[in-house]
Amino acid sequence: MRTRTQIGIVGGGPAGLLLSHLLALRGVDSVLVEIRSRDYCEARQRAGVLEDGSVALLRSADLADRLDRQGLVHGGIYLQFDGQRRHVDFRDLTGGRTVTVYAQTEVVKDLIARRLTDGGALEFSVTDTEVADLDSDRPLLRYTDASGDRHEVACDAIAGCDGFHGICRPAIPPGVLTTWERDYPYAWLGILADVPPSTDELIYAHHRNGFALHSLRSPSTSRLYLQVSPDEDIGQWPDGRIWAELASRFKLPGWTLQQGPVLDKSITPMRSFVSAPMRYGRLFLAGDAAHIVPPTGAKGLNLALADVAVLAPALDALLHGDEQPAAAYSAACLERVWRSTHFSWWMTTMLHNTPGTDEMATQLQLSQLRYTVGSRAAATSLAENYTGFPVQLSAEPRRWVSGAR
Ligand code: FAD
Ligand code: DHB
């Protein structure tokens, strides 16, 4: 079946879904295809922290009803090392900036619900997605829908929002992209637990057995992570072993880690990856399709949202004959991407135990941690990177001609 849309979107993660909504606010049609089912997308456990700018973006796009009711505003984090737990006060250090704990799954649920209410074209459970004719002004999106019917959609442009393992970045001819990549010699074992958090704000813990993070999802649900080896067999980690290791890495006199039933358990590899430019012809990459950060700085989801805040007005302009914002898209995003890539690498290498390194490496980490909590300048640098930099708010449609469009 041959059809037509303005923007073809590959991928129904936060980047693709928010892009389809921001485009709809501008009166731009899109078709979004996603290989997974709606249930799978809404259940997949991933990130949990929204920067101030991401919250402002979702609010300005009229997507924050539930976020404003259920999101938990945090004004800092704890850094734990060498037997001490020290608070980094974001509000004080940044003139009032905060982050909001609101799970990626909830952002995705809100976006899917809104797109379906607004009559958006979302196709879940597709197979054999292909993109073609990317260097023409009529690129093609092909896919097979859940009933087995093959579709070919002629588009004005295609957004590759299909994550690190998607098909869009590999569809760019060899030699066009420059890539930078770093794999880390560790991974995170993450659990979701049906137990109230044992802390009021997130705890990032440096420990000789490896890093640990205490996060949360709600007043009754905790999210915790342990540094493990990248080839770790999750079968070797029964719940009792996970809780014992978490309790040991967070140990502090007078403080107890509350334990409860484990609802979800998974292992995530850690990688830094950047590919540039984020555009080839009429294909635009956004989010994890173009760049990956290790999760320690809580940046991946925020970068994905920030990319499409820039992409939506750029595509709108392109459709109206103004090429300039589309030409500027990649450079505009990469500035933020590299800042987050550096911050995530810095947090990761300061807090994890790197196998094969010596005591000197540990002492350098501890010195950096002491400096970070002891110097207002160093703490401010962490705080402003963690809470994030302002995002271009794109929900207000640009008027191309006077009067209604
Ligand atoms: P994704 O969310 O990956 O969305 C891409 C979508 O494209 C997916 O739904 C996928 O199914 C779909 N897709 C792929 N191929 C195709 C195809 N051929 N056709 C159609 N659809 C396709 N960040 C943090 O900050 N903290 C964390 O704790 C954290 N944990 C993570 C755990 C895991 C396992 C992963 C993979 C990432 C994690 N991240 C975390 C990163 C964060 O979740 C991502 O940065 C964020 O999801 C990026 O959003 P996105 O929309 O760009 O990509
Ligand atoms: C969460 C994940 C992170 O990577 C992080 O740095 C903070 C919180 C989370 O899943 O809650």
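Taking both residues in full, the closest heavy atoms of Glu51 and Val99 are given as CA-CG1, 4.3 Å, listed atom of the first, atom of the second, then distance. Pairing each heavy atom of Ile158 with each of Pro139, the nearest pair is CD1-CB, 3.8 Å.
In this structure, Arg169 forms a cation-pi arrangement with Phe164, its terminal cationic atom sitting closer than 6.0 Å to the ring centre and no more than 45° off the ring axis. Geometrically, Arg36 engages Tyr40 in a cation-pi contact, judged by NZ or CZ lying under 6.0 Å from the ring centre and within 45° of the ring axis.
Salt bridge absent: Asp65 and Arg59 never bring a charged side-chain N and a carboxylate O closer than 4.0 Å.
When ring centroids are compared, Tyr386 and Phe90 come within the 6.0 Å threshold. If you look at Trp345 and Trp338, their ring centroids are not closer than 6.0 Å.
With a 4.5 Å cut-off on side-chain heavy atoms, Glu152 and Tyr143 do not count as touching. At a threshold of 4.5 Å between non-hydrogen side-chain atoms, the residues Tyr329 and Leu311 count as touching. Using a 4.5 Å heavy-atom threshold, the side chains of Leu50 and Val107 count as touching. At a threshold of 4.5 Å between non-hydrogen side-chain atoms, the residues Asp156 and Arg282 count as touching.
Relative orientation of the Tyr186 and His352 rings is parallel, given thresholds of 30° and 60° on the angle between their planes.
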Original post:
Given Thr341 and His291, is the side-chain contact (heavy atoms from CB on, under 4.5 Å) satisfied, shown in steps?
Top reply: CA-CA 9 Å; Thr341 300; His291 42 74; 5.6 Å; no

Original post:
Do Thr354 and Thr357 pass the side-chain hydrogen bond (donor to acceptor under 3.5 Å, both in side chains) test, and can you show the C-alpha distance, the side-chain angles, and the key distance before you say yes or no?
Top reply: CA-CA 6 Å; Thr354 302; Thr357 52; 4.9 Å; no

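Put simply, the side chain of Arg4 gets close to the backbone of Ala154: a donor and an acceptor are under 3.5 Å apart. Checking side-chain atoms of His21 against main-chain N and O of Arg115 turns up no donor-acceptor pair under 3.5 Å.
Around atom CZ of Arg66, more than 12 heavy atoms belonging to other residues, nucleotides or ligands sit under 6.0 Å away.
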